[in-house]
**Student:** 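Below are the structure tokens for one structure; questions will follow.
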Number of protein chains: 2
Amino acid sequence: MVQYRQSVLDAAFVALADSTRRGVLERLGRSEASITDLADGFHMTLTGMSKHVRVLEYAGLVTTEKVGRVRHCRIGTRRLEEVAAWIKRYQELWDARFSALDEIVEDLKRQEKIDERTQH
Amino acid sequence: MVQYRQSVLDAAFVALADSTRRGVLERLGRSEASITDLADGFHMTLTGMSKHVRVLEYAGLVTTEKVGRVRHCRIGTRRLEEVAAWIKRYQELWDARFSALDEIVEDLKRQEKIDERTQH
DNA sequence: CCGATACTGAACCATATAGTTCAGTATCTA
DNA sequence: TAGATACTGAACTATATGGTTCAGTATCGG
């Protein structure tokens, strides 16, 4: 289970690491498209685009359906929410870390003031 | 092919695509650490971890400071917010797309009702 | 000063990735 | 039915990636 979730999350991050694939997601955000549409739009062979779409589909970021000759691609399930959740969690850790630093800085400032007063 | 990463955003996504590097970010979320600390924690050579840290630093996700022999690594600037912003934007497109589909479905339902009525 | 520690750089290796071409297969259309 | 269209799979190329070892260099502690 944990292994599964880890690998799914990993697949999503890997899929998002490529700028062409992020572009495809944006494109599909506007309307569904065929492999041909996408290949044209990104100046790439059908085969190349087909691979990108498969990576996105594996990661759960798009879904596809073949109707006759045409594979219709559309934006996928809620998988991206897992990526967003990871980032949110990281940001929380990170905010906490910065808060801790802030406190240290505040302590130092307070200490300075005490030093000032005791020196005069 | 020649993957020159024009954008900082791309570097961040690429950095996040590796699960070890995401682990390092989580680890640094708890406290700062040296290369040695991280290498030990992730069962990896110093050289290997050094490379990961450099990737994270290039992406602006961590900052480092060398004090004497030791390189202190800590969680970086607000760079991750750009990643979060991209995802948010994508999710908006995507919600809009689903809303549009919902409307179509609603239209179809209405049409069915009309058909029913006109057939009787 | 000497030895241990902490890292860095270069070279290397195996595998993964992004792309191609070419040769199909299946489906639509005239 | 013939030909165009839409895709798929296999094989191949070039480069990137994640890791290693080994040989330094710089710094710390006794």
Side-chain angles (χ1 to χ4, degrees), chain A residues 6-28 31-74 76, chain B residues 1-28 31-74:
Chain A
Q6 177 67 29
S7 67
V8 163
L9 187 64
D10 207 57
F13 271 113
V14 166
L16 290 170
D18 184 86
S19 67
T20 298
R21 285 193 292 262
R22 290 199 306 278
V24 167
L25 287 179
E26 293 194 52
R27 168 68 185 76
L28 294 179
S31 71
E32 73 170 59
S34 67
I35 302 286
T36 298
D37 294 337
L38 295 172
D40 287 352
F42 290 85
H43 315 101
M44 187 175 295
T45 59
L46 275 180
T47 310
M49 183 51 72
S50 194
K51 285 184 181 184
H52 279 308
V53 168
R54 231 168 299 155
V55 171
L56 288 166
E57 191 170 18
Y58 178 76
L61 295 169
V62 312
T63 59
T64 74
E65 186 192 5
K66 193 150 186 182
V67 178
R69 294 178 293 185
V70 181
R71 180 170 297 277
H72 298 272
C73 308
R74 57 181 74 90
Chain B
M1 211 84 125
V2 180
Q3 281 272 55
Y4 49 149
R5 39 196 76 130
Q6 301 135 326
S7 73
V8 171
L9 186 64
D10 208 52
F13 271 114
V14 167
L16 289 171
D18 183 86
S19 68
T20 299
R21 286 194 291 263
R22 290 199 305 278
V24 167
L25 288 179
E26 292 194 53
R27 168 68 185 76
L28 294 179
S31 70
E32 72 171 59
S34 67
I35 302 286
T36 298
D37 294 337
L38 295 172
D40 287 352
F42 291 85
H43 315 100
M44 189 175 294
T45 58
L46 275 180
T47 312
M49 183 51 72
S50 194
K51 284 185 181 183
H52 280 307
V53 168
R54 231 168 300 155
V55 171
L56 288 166
E57 192 169 17
Y58 179 75
L61 295 169
V62 311
T63 60
T64 73
E65 185 192 4
K66 193 151 186 181
V67 178
R69 295 177 293 185
V70 181
R71 181 169 297 278
H72 298 272
C73 308
R74 58 181 73 91

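So that the names make sense, note that chain A is the first sequence line, chain B the second, and so on, each numbered from 1. Just so we're clear, the structure is a prediction, and the values are computed from it rather than from any experiment.
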**Student:** Please compare A/Val14 and A/Leu46 by the position of their nearest nucleotide in DNA chain C and report the one closer to 5'.
**Tutor:**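 Looking at the nearest nucleotide for each, A/Val14 comes out on the 5' side.
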**Student:** Which part of the nucleic acid, if any, lies within reach of B/Ile35 when heavy atoms closer than 4.0 Å are counted: base, sugar-phosphate only, or nothing?
**Tutor:**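 Answer is sugar-phosphate: B/Ile35 comes under 4.0 Å of backbone atoms only.
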**Student:** Between A/Arg69 and C/dT29, is there a side-chain N or O to OP1/OP2 distance below 4.0 Å?
**Tutor:**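 Answer no for this pair, as no side-chain N or O of A/Arg69 is under 4.0 Å from OP1 or OP2.
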**Student:** So what does A/Lys66 touch, heavy atoms closer than 4.0 Å: a base, only the sugar-phosphate, or nothing?
**Tutor:**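 It contacts sugar-phosphate atoms only.
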**Student:** Pick base, sugar-phosphate or nothing for A/Gly68, based on heavy-atom distances below 4.0 Å to the nucleic acid.
**Tutor:**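 Sugar-phosphate, backbone atoms only, no base.
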**Student:** Could you tell me the separation between the NE2 atom of B/His72 and the P atom of D/dT27, rounded to a whole number of Å?
**Tutor:**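 One finds 13 Å between P of D/dT27 and NE2 of B/His72, rounded.
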**Student:** Provide, to the nearest angstrom, the distance between the CG atom belonging to B/Leu56 and the P atom belonging to D/dT17.
**Tutor:**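 Going from CG in B/Leu56 over to P in D/dT17 covers 13 Å.
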**Student:** Distance check, rounded to the nearest 0.5 Å: A/Thr47 atom OG1 versus A/His52 atom NE2?
**Tutor:**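 That separation rounds to 11.5 Å.
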**Student:** Atom CG of A/Asp18 and atom P of C/dA18: how far apart are they, to the nearest Å?
**Tutor:**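 So the two atoms are 5 Å apart, to the nearest Å.
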**Student:** Between CZ of A/Arg27 and OG1 of A/Thr20, what distance do you get to the nearest 0.5 Å?
**Tutor:**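 One gets 14.5 Å once the value is rounded to the nearest 0.5 Å.
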**Student:** Measuring from A/Met49:CE to A/Asp37:CG, what's the distance to the nearest 0.5 Å?
**Tutor:**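 If we round to the nearest 0.5 Å, A/Met49:CE and A/Asp37:CG are 10.0 Å apart.
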**Student:** Atom CZ of B/Arg54 and atom P of C/dA10: how far apart are they, to the nearest Å?
**Tutor:**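 Those two atoms, CZ and P, are 10 Å apart.
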**Student:** 5'-most contact on DNA chain C: B/Val70 or A/Met49, nearest heavy atom basis?
**Tutor:**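 By nearest-heavy-atom nucleotide position, the 5'-most residue is B/Val70.
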**Student:** Would you kindly check whether a donor in the side chain of A/Thr47 faces an acceptor in the base of C/dG19, or vice versa, at under 3.5 angstrom?
**Tutor:**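 No such pair is found, so the answer is no.
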**Student:** Report the distance from atom OH of A/Tyr58 to atom P of C/dA16, rounded to the nearest whole Å.
**Tutor:**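 The answer, rounded to whole Å, is 13 Å.
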**Student:** From CE of B/Met44 over to C1' of C/dC7, roughly how many Å is that when rounded to an integer?
**Tutor:**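 In whole Å, C/dC7 C1' and B/Met44 CE are 16 Å from each other.
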**Student:** Checking contacts here: which listed nucleotide (D/dA11, D/dC7, C/dC7) is nearest the side-chain heavy atoms of A/Lys51?
**Tutor:**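 Nucleotide nearest to A/Lys51's side chain: D/dA11.
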**Student:** Looking only at heavy atoms, which two atoms of B/Ser19 and A/Asp10 are closest? And how far apart?
**Tutor:**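 The pair with the smallest heavy-atom distance is CB-OD1, 3.6 Å.
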**Student:** Measure the distance from CG on A/Asp37 to C1' on D/dA6 and round it to the nearest whole Å.
**Tutor:**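 Atom CG in A/Asp37 sits about 11 Å away from atom C1' in D/dA6.
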**Student:** What is the distance from CD of A/Glu32 to P of D/dA6, rounded to the nearest Å?
**Tutor:**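 It is 15 Å, rounded to the nearest whole Å.
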**Student:** Which of these nucleotides, D/dT20, D/dG18, D/dA6, is closest to any side-chain atom of B/Arg21?
**Tutor:**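 Nearest to the side-chain atoms of B/Arg21, counting from C-beta on, is D/dG18.
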**Student:** Which atom pair, heavy atoms only, marks the closest approach of B/Ala11 to B/Ala59?
**Tutor:**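 So the minimum-distance heavy-atom pair works out to O-CB, 3.6 Å.
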**Student:** Looking at A/Ser50, does any N or O in its side chain come under 4.0 Å of the phosphate oxygens OP1/OP2 on D/dC7?
**Tutor:**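 Result: no.
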